[in-house]
Engineer: 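Below is one structure. I have some questions about it.
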Amino acid sequence: MTSNQQSVVDEDTFTVRRTILIEAPVEKVWTAVTAPEHISKWFGQAVFSGTAAGSTGTLTWPGNQPIPVRIEAVDEPRSVSYRWGNDDAAGRPPADVDGGPSTVFTFTLETVPGGTRLTVVETGFETTSDPLANLESHRTGWDAELDTLVALVEAP
């Protein structure tokens, strides 16, 4: 497939967006972005109370405190949205997803010739402690994390 573009920041709408092409079927990509044991292989260590909208959990990276997460919406296998309290500029995550500023990231999956088009859009940065710093931090994060996802899902 073609090389994947990097994440793009829209400062007017406080949004980070990245679209990538993955040489794998939608079902395999869906599992990678929704099953905690698979999310943990390319993103943060994921723990969730369930898989339906309203389920809560955490994402944790080595050396950092757990970030609270809630599944906001699920439309299997087309899209899933997560709300998380990941305000990097604040330096410390809230105790729960409603306990401070939060953003929502949505994965949208589309079958295309040769695999899956995956788009992630993260919104809500205007509510964070430093919107511009958080936009940049999450932009670079999505670049690194989604590159890891592609390598993992495309591996034989």
Engineer: Enter the distance from L132:CG to S137:OG here, rounded to the nearest 0.5 Å.
Structural biologist: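 Rounded to the nearest 0.5 Å, the CG-OG separation comes to 12.5 Å.
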Engineer: Search all heavy atoms of L21 against all heavy atoms of V112 and return the closest pair with its distance.
Structural biologist: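 So the minimum-distance heavy-atom pair works out to CD2-CG2, 4.3 Å.
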Engineer: side-chain contact (heavy atoms from CB on, under 4.5 Å) for T34 and T51? Distances and angles first, verdict last.
Structural biologist: CA-CA 7 Å; T34 59; T51 58; over 6 Å; no
Engineer: For residues W42 and A32, report the shortest heavy-atom separation together with the two atoms involved.
Structural biologist: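 Closest approach of W42 to A32: NE1-O, 2.7 Å.
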Engineer: Atom OG1 in T119, atom CD1 in I20: separation rounded to 0.5 Å?
Structural biologist: 8.5 Å
Engineer: Mind checking side chain to side chain donor-acceptor pair (under 3.5 Å) for E110 and listing every partner two or more places apart, or none if nothing turns up?
Structural biologist: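 E110: side chain to side chain donor-acceptor pair (under 3.5 Å) contacts with R117.
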Engineer: Looking at every non-hydrogen atom in both residues, tell me the closest pair between A24 and T116 and how far apart they are.
Structural biologist: O-OG1, 2.7 Å
Engineer: For a quick test of your reading: what N or O donor-acceptor pairs under 3.5 Å do the side chains of residues 60-70 make, sequence neighbours left out?
Structural biologist:
{"residue": "W61", "atom": "NE1", "partner": "E145", "partner atom": "OE2", "Å": "3.3"}
{"residue": "N64", "atom": "ND2", "partner": "P62", "partner atom": "O", "Å": "3.4"}
{"residue": "Q65", "atom": "OE1", "partner": "R92", "partner atom": "NH1", "Å": "3.4"}
{"residue": "R70", "atom": "NE", "partner": "E72", "partner atom": "OE2", "Å": "2.6"}
{"residue": "R70", "atom": "NH1", "partner": "D98", "partner atom": "OD1", "Å": "3.3"}
{"residue": "R70", "atom": "NH1", "partner": "D98", "partner atom": "OD2", "Å": "2.9"}
{"residue": "R70", "atom": "NH2", "partner": "E72", "partner atom": "OE2", "Å": "3.3"}
{"residue": "R70", "atom": "NH2", "partner": "D98", "partner atom": "OD1", "Å": "3.3"}

Engineer: So, N134 side chain and A89 main chain: donor-acceptor pair closer than 3.5 Å or not?
Structural biologist: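 It does hold such a pair.
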Engineer: Test H138 against every option in T15, D88, T128 by the side-chain hydrogen bond (donor to acceptor under 3.5 Å, both in side chains) rule and name the one that passes.
Structural biologist: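 Passing option: D88.
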Engineer: Does R139, at its CZ atom, have more than 12 non-hydrogen atoms belonging to other residues, nucleotides or ligands within less than 6.0 Å?
Structural biologist: yes
Engineer: Got a second to check how far L135's CG is from T140's OG1, nearest 0.5 Å?
Structural biologist: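 Nearest 0.5 Å value for the CG-OG1 distance: 11.0 Å.
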Engineer: Taking atom CD of E126 and atom CG of D12, what is their separation to the nearest 0.5 Å?
Structural biologist: 12.0 Å
Engineer: For W142, give me all partners under ring pair (Phe, Tyr, Trp, His ring centres under 6.0 Å), at least two apart in sequence or on another chain.
Structural biologist: F43, F105, F107
Engineer: Decide yes or no for T108 and R78: does some side-chain heavy atom of the first lie under 4.5 Å from some side-chain heavy atom of the second?
Structural biologist: no
Engineer: Rounded at 0.5 Å granularity, tell me how far CD in E23 sits from NZ in K28.
Structural biologist: 11.0 Å
Engineer: Test of understanding: clusters of I, L, V, M, F, W, Y form through side-chain heavy atoms closer than 4.5 Å, transitively. Do F48 and V104 belong to the same one?
Structural biologist: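 Unlinked, F48 and V104 end up in two clusters.
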Engineer: For V47, check side chain to side chain contact (heavy atoms under 4.5 Å, CB included) against everything at least two apart and list the hits.
Structural biologist: T58
Engineer: Classify the side-chain pair W84/S102 by whether it contains a donor and acceptor separated by less than 3.5 Å.
Structural biologist: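 Side-chain D/A pair, W84 to S102: absent.
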Engineer: With sequence neighbours excluded, tell me which residues meet side chain to side chain donor-acceptor pair (under 3.5 Å) with D10.
Structural biologist: T13
Engineer: In this structure, are over 12 heavy atoms from other groups packed under 6.0 Å from Q6 atom CD?
Structural biologist: yes
Engineer: What's the verdict on side-chain contact (heavy atoms from CB on, under 4.5 Å) for T127 and D87, showing C-alpha distance, side-chain angles and the deciding distance?
Structural biologist: CA-CA 9 Å; T127 70; D87 184 349; over 6 Å; no
Engineer: Partners of R18 by side chain to side chain donor-acceptor pair (under 3.5 Å), sequence neighbours excluded?
Structural biologist: D147
Engineer: Please evaluate residues V97 and Y82 with respect to the criterion side-chain contact (heavy atoms from CB on, under 4.5 Å), reporting the C-alpha separation (whole Å), side-chain torsions for both, the decisive distance (0.1 Å), and the verdict.
Structural biologist: CA-CA 10 Å; V97 77; Y82 298 92; over 6 Å; no
Engineer: Take T123 and T103, measure what side-chain contact (heavy atoms from CB on, under 4.5 Å) needs, and give me the verdict at the end.
Structural biologist: CA-CA 6 Å; T123 61; T103 58; over 6 Å; no
Engineer: Has D96 got a side-chain atom pairing as donor or acceptor with G99's backbone, closer than 3.5 angstrom?
Structural biologist: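 It does hold such a pair.
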Engineer: Looking only at heavy atoms, what is the nearest atom pair of S81 and T106, with distance?
Structural biologist: OG-OG1, 2.6 Å
Engineer: Taking side chain as C-beta onward, heavy atoms only, is L118 less than 4.5 Å from L146?
Structural biologist: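 Result yes, sub-4.5 Å side-chain heavy-atom pair found.
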Engineer: Which atom names give the shortest non-hydrogen contact between A52 and I71, and what distance separates them?
Structural biologist: O-CB, 3.7 Å
Engineer: Which heavy atom in P94 sits nearest to a heavy atom in G100, and how many Å separate them?
Structural biologist: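 Closest approach of P94 to G100: CB-N, 3.9 Å.
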Engineer: At what distance, to the nearest 0.5 angstrom, does OG1 of T148 lie from NZ of K41?
Structural biologist: 13.5 Å
Engineer: Taking the ring of H38 and the ring of W30, is the distance between their centroids below 6.0 Å?
Structural biologist: no
